[in-house]
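Below is one structure; the comments refer to it alone.
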Amino acid sequence: MPDEQGGPEGQSPIEFRPSAEAVVVPDGPRDLALVFLGASLVAGVGDPKGQGWVTRVVGRTQHPDLTLTSYNLGVRGDTSGDLLERWAAEVPRRWRGRSEKRLVLSVGTNDILSGVSLARHRLNLANLLDDAASSGVGTFVVSPPPTDDEELNSRLEVLVDAQADVCGRRGVPFVDCYAPLLGHDQWRTDLAASGVPHHPGQAGYGLIAWLVLHNGWNDWLQIG
């Protein structure tokens with residue numbers, strides 16, 4: 001198994017393979033399968049509209065040159081270790097028959113709540129990103145947002161910084177949802193009104209979607 005630096009100890013991180021870039025289809029638009037892998041925030045838990053941020057992002061990603069098939073594989077309570085297991089078991093079948101493969105990852109809060117160490121979290125994320133890169137899959141990582149618990153937030157801040165570092169070493173696009181929302185009035189109001197601890201409602205998920213869409217999303221998907 002590769003170490004957190006990517007690949008056997010002493011070797012450089014695995015690089016993203018060009019095969020995951022846009023595939024030119026002579027007689028039609030690009031045929032892209034987009035998989036969202038994560039926990040309850042990916043599933044949209046707490047949103048009374050049932051959309052979460054994923055559905056909002058997908059709704060804004062339609063393009064005449066793109067045939068998009070999206071899959072939401074958010075499972076409440078999942079940790080980065082769970083994602084590493086589910087990635088191999090559940091994701092490949094969603095790409096069957098598609099010419100272009102993309103993976104969006106968002107996880108972290110449950111690692112803290114479940115006692116997963118920061119080192120193990122880094123390693124799980126690094127292994128997942130390296131596995132995807134070696135399979136020709138483009139990845140995009142979205143950090144967890146802040147919660148309504150100050151002690152938990154202090155630990156989340158460290159975890160988000162670690163995620164940014166792991167992604168930066170690999171050239172993987174990373175969206176920080178923690179810092180922009182930490183003191184955001186609408187985010188804090190939405191958390192306070194939510195019936196699900198540490199989860200936003202409709203307005204909060206809209207804020208996460210906005211951050212994703214305005215931080216390299218279209219460039220990553222190569223759409224105008």
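For this chain, numbers begin at 1 and follow the sequence in order.
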Q. How about Glu150: does its CD atom have over 12 heavy atoms from other parts shown lying under 6.0 Å from it?
A. no
Q. Does a sphere of radius 6.0 Å around CZ in Arg188 hold more than 12 heavy atoms from other residues, nucleotides or ligands, not counting ones at 6.0 Å or beyond?
A. no
Side-chain contact test, heavy atoms from C-beta onward, threshold under 4.5 Å: evaluate it for [X] versus [Y] and give yes or no.
| X | Y | answer |
| --- | --- | --- |
| Asn124 | Leu83 | no |
| Trp217 | Val175 | no |
| Val160 | Phe174 | yes |
| Phe36 | Trp53 | yes |
| Leu41 | Ser106 | no |
| Leu181 | Ile208 | yes |

Q. How are the rings of Trp210 and His214 set to each other: parallel, tilted or perpendicular (split at 30° and 60°)?
A. parallel
Does [X] pair with [Y] as a salt bridge, N-O distance under 4.0 Å?
| X | Y | result |
| --- | --- | --- |
| Asp78 | Arg86 | yes |
| Glu100 | Arg102 | yes |
| Arg120 | Asp111 | no |

Q.
What I want to check is whether the side chains of Thr109 and His198 have a donor and an acceptor closer together than 3.5 Å.
A. no
(Q) Would you say Asp31 and Thr67 are linked by a side-chain donor-acceptor pair, where the criterion is simply a distance under 3.5 Å? (A) no
Q: Using the side chain to side chain contact (heavy atoms under 4.5 Å, CB included) rule, pick out the option among Asn72, Val91, Val42 that qualifies with Leu37.
A: Val91
Q.
Under the side chain to side chain contact (heavy atoms under 4.5 Å, CB included) test against Val142, which residue among Val212, Leu211, Val54 passes?
A. Val212
Q: Please confirm whether the backbone N or O of Gly52 pairs with a side-chain atom of Asp47, one donor and one acceptor, at under 3.5 Å?
A: yes
Q.
Applying salt bridge (charged side-chain N to carboxylate O under 4.0 Å, His left out) to Arg30 and Asp65, what does each step give before you reach the verdict?
A. CA-CA 6 Å; Arg30 292 161 54 199; Asp65 297 329; over 6 Å; no
Q) For the residue pair Phe140 and Trp220, is the inter-centroid distance of their aromatic rings smaller than 6.0 Å? A) yes
